[in-house]
Amino acid sequence: MKRWYVVHTKSGGENLAVVNLGRQGFTTYCPLIRSIPPKLKRVPLFPRYLFVELDIDAAPWRCVNGTIGVTGLVQFGPRPSAVPDGVVEELMKRENDEGLVVLPNPVPRFRAGDRVVVSHGPFVEQLGVVNRMTGAQRAELLLQFMGRQVKVTAPLNQVSVA
């Protein structure tokens with residue numbers, strides 16, 4: 001029975017892995033999102049990861065590990081671990097006309113100097129200032145902690161406008 005499995009790729013090697021797995025006859029899926037800031041138009045939703053559809057009881061799945069661009073299948077034990085049923089299909093359903101996955105709760109955009117409050121995590125209810133964006137979904141914050149200013153990198157879904 002075919003199921004979806006997770007492939008770990010080399011840094012920036014998602015496209016290379018998709019092409020080379022496709023040459024071997026494997027079906028792959030690499031969900032993409034619009035980048036923030038929009039310097040690049042499309043970036044992987046899960047950098048360095050993609051999905052491959054396999055029947056590990058019938059197909060030679062070990063050849064996936066030797067594919068150019070691939071580091072290896074994600075395994076917990078001697079065999080690859082299948083993605084729970086419906087997860088990949090749900091991501092595919094969320095794609096818009098451009099082939100980009102639309103996330104249910106868009107990540108708020110912040111700029112350096114914006115005042116924020118940490119809403120989740122170890123620094124909950126701490127007030128701070130955005131120092132800089134460190135990626136599409138992370139920001140470096142300046143927080144007052146134990147009498148001094150500290151830099152903390154936090155996911156944007158744990159931060160809201162103060």
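Side-chain atoms are counted along with the backbone in the values below, which use heavy atoms only and exclude waters and symmetry mates. Residue numbers count from 1 along this sequence.
Other residues, nucleotides and ligands contribute over 12 non-hydrogen atoms within 6.0 Å of the CG atom of L127. Atom CG of N65 sits in a crowded spot, with more than 12 heavy atoms from other residues, nucleotides or ligands closer than 6.0 Å.
Annotation for T153 and R138: closest pair CG2-NE, 3.6 Å, computed over non-hydrogen atoms. Looking at every heavy atom in both residues, A154 comes nearest to L141 through CB-CD1, 4.0 Å. Heavy-atom minimum distance, V18 versus C30: CG2-CB, 4.2 Å. Between A139 and M133, the shortest heavy-atom distance links the atoms CB-SD, 4.0 Å. Nearest approach of K151 to E140, heavy atoms of both residues: CD-OE2, 3.6 Å. Heavy atoms only, all atoms of each residue included: Q24 and T67 are closest at NE2-OG1, 2.7 Å.
Hydrophobic clustering (ILVMFWY, side-chain heavy atoms < 4.5 Å, transitive): V6 and V101 are in one cluster. In the hydrophobic clustering of ILVMFWY residues, with side-chain heavy atoms under 4.5 Å counting as a link, F76 and V64 come out apart. Note on Y49: it clusters hydrophobically with V87, by side-chain heavy-atom contacts below 4.5 Å among ILVMFWY residues. In the hydrophobic clustering of ILVMFWY residues, with side-chain heavy atoms under 4.5 Å counting as a link, V74 and L45 come out together. The hydrophobic cluster containing I33 also contains L91, counting ILVMFWY residues as joined when their side-chain heavy atoms lie under 4.5 angstrom apart, directly or transitively.
Distance check: T9 OG1 to L21 CG gives 10.0 Å after rounding to the nearest 0.5 Å. Here the CG-CD distance, from L142 to Q144, works out to 9.0 Å after rounding to the nearest 0.5 Å.
Classification of R94 and E90 as a salt-bridged pair holds, one side-chain N sitting under 4.0 Å from a carboxylate O. Salt bridge status for R79 with D57: present, with a side-chain N to carboxylate O gap under 4.0 Å.
By the 4.5 Å heavy-atom criterion applied to side chains, V7 and L73 are counted as neighbours. The shortest side-chain heavy-atom distance between E53 and F26 does not fall under the 4.5 Å cut-off.
Listed for the E14 side chain is a donor-acceptor partner under 3.5 Å among the backbone atoms of R48. Listed for the R3 side chain is a donor-acceptor partner under 3.5 Å among the backbone atoms of V83.
Applying the side chain to side chain donor-acceptor pair (under 3.5 Å) criterion to R115, with sequence neighbours excluded, gives no partner residue.
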Step-by-step side chain to side chain contact (heavy atoms under 4.5 Å, CB included) determination, I68 to L16: CA-CA 7 Å; I68 296 171; L16 186 61; 3.6 Å; yes

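Ring pair W4/F51 is perpendicular by interplanar angle, where above 60° counts as perpendicular and below 30° as parallel.
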